[in-house]
Protein chains: 2
Amino acid sequence: MPSERPLNSTAAALLGLLHDGPMTGWDLLATAQLVIGDFWALNQSQVYRELSAMAGAGLVEAGDPGPRDRRPYTITDAGRAAFAAWVRRGPGAETVRFPLLLTIAFGRHLPPGRLAEIVAEHRARHRERLDGYVELAAGLGPDPYARATLDFGIAYERAVLDWFDGLPPEIRGG
Amino acid sequence: MPSERPLNSTAAALLGLLHDGPMTGWDLLATAQLVIGDFWALNQSQVYRELSAMAGAGLVEAGDPGPRDRRPYTITDAGRAAFAAWVRRGPGAETVRFPLLLTIAFGRHLPPGRLAEIVAEHRARHRERLDGYVELAAGLGPDPYARATLDFGIAYERAVLDWFDGLPPEIRGG
DNA sequence: TGGTACATGTAACATGTTACATGATTAG
DNA sequence: CTAATCATGTAACATGTTACATGTACCA
């Protein structure tokens, strides 16, 4: 029963959120998407799956269902220990999977107009994301950790926009 | 037999590379890691799996094994059509999964010194990546598509480094 | 009282990762 | 001859995605 394989990052993130008190799967999903969703995507199925797995491993405990079957999960001491081990171990390298770059890499197989269209679409999405982040930043509290992750988003989106603006006419369109 | 579900991006990328002529799984892996590996990770198992699947679907044809069982795959007309449809359809949004941001988001659960250590390690890796890209860029040909993807890498790594340098002392260490 | 949002969960499948088994060829 | 590298492939598992089934509570 000792030496279970280390937590995956999604499970660890859920445990991290549970440090602030018991939550249901639904609440965890919403909170996670809000707090870490921009750099660590997760969905409903995953949350429930990780919760059952962690309940099985004794890292969380399911409480009695409340109204609407809301079932609060509470982190256990084992869960806190597993989380502490995970966070202490340090994160791996990030993975960037950017399909637009794939399309551009094979750009010679596309009519130039179509490529420019695609590029413009994506630029607009990034513009919106940046605006959203900047707005968020204005209303942010003093927590340096939340600030740092949001700052990353802003720095990233700015860099992407600048990159778009520096693309040659063969790609951006003339 | 018609209306097979659309290609996944990894399969499409392999088809893209096969436009330049038949290649074995091994060569495809090496080429792909070189050409698109920085923004579209793939590994050996995936390559062979996609090749068999695509062979089954008639998008590629396996040739006769040569020395060392090297088995060249050739793109078929159906493969070219599937690739064209994929590239024309346009890419989805990128996914960034950045475990370091997860660690920072939960930074209050770490001793500050340890967090600073982790941050410094990651900064160093990004520094190296940037240097590698810049070096690559110096020897690059005139292909605007390859240039654009490499420029993305450079813009990204520069933004990440700047972000590192702007982190507050609670995170970077004093 | 009917629609919308809440809430849980499962099933099926796609994709990604790691490890292993097998053998050929080449370089030293 | 032997170690390293080349090369293919499979197995097992982890993770991510999509779709569906089921039902509850709230609000207009």
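This is a predicted model, so every value here is computed, not measured.
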Within the pair B:Asn8 and C:dA14, is there a side-chain N or O less than 4.0 Å away from OP1 or OP2?
no
Roughly, in whole Å, what's the span from CZ in B:Arg70 to P in D:dG9?
12 Å
Measure from CG on A:Leu42 to P on D:dT18 and round the result to the nearest Å.
14 Å
Where the side chain of B:Thr24 meets the backbone of B:Arg70, is there a donor-acceptor pair that is under 3.5 Å apart?
no
Start at the 5' end of DNA chain C and walk down; is the nucleotide closest to B:Gln44 or to B:Glu50 reached first?
B:Glu50
Can you tell me if B:Ser9 and B:Trp40 form a side-chain donor-acceptor pair at under 3.5 Å?
no
So, applying side-chain contact (heavy atoms from CB on, under 4.5 Å) with A:Thr31, which one of A:Leu34, A:Val35, A:Leu29 is it?
A:Val35
Nearest-nucleotide check on DNA chain D, B:Asp27 vs B:Arg49; residue mapping nearer the 5' end is B:Asp27
Can you check the A:Leu29 CG to D:dT18 C1' distance for me, whole Å?
15 Å
Looking only at N and O atoms, is any donor in the side chain of A:Ser45 or the base of D:dT18 less than 3.5 Å from an acceptor on the other one?
yes
Can you tell me if A:Tyr48 touches the phosphate of C:dT8, counting only side-chain N or O atoms and a distance under 4.0 Å to OP1 or OP2?
yes
Should A:Arg71 be listed as having a side-chain N or O under 4.0 Å from OP1 or OP2 of C:dG9?
yes
Are B:Asn8 and B:Glu50 close enough that a side-chain donor and a side-chain acceptor fall under 3.5 Å?
yes
Using the benzene-type ring in the case of Trp, are the ring centres of B:Tyr156 and B:Phe39 under 6.0 Å apart?
no
How many whole angstroms separate atom CG of B:Leu51 from atom P of D:dA7?
15 Å
Just how far, in rounded Å, is P of C:dA7 from CD of A:Gln33?
14 Å
Separation of C:dA14 atom P from B:Asn43 atom CG, nearest Å, is 18 Å
Atom-to-atom span, OH of B:Tyr73 to C1' of D:dG9 - whole angstrom
10 Å
Report the distance from atom CD of A:Gln46 to atom C1' of C:dT8, rounded to the nearest whole Å.
16 Å
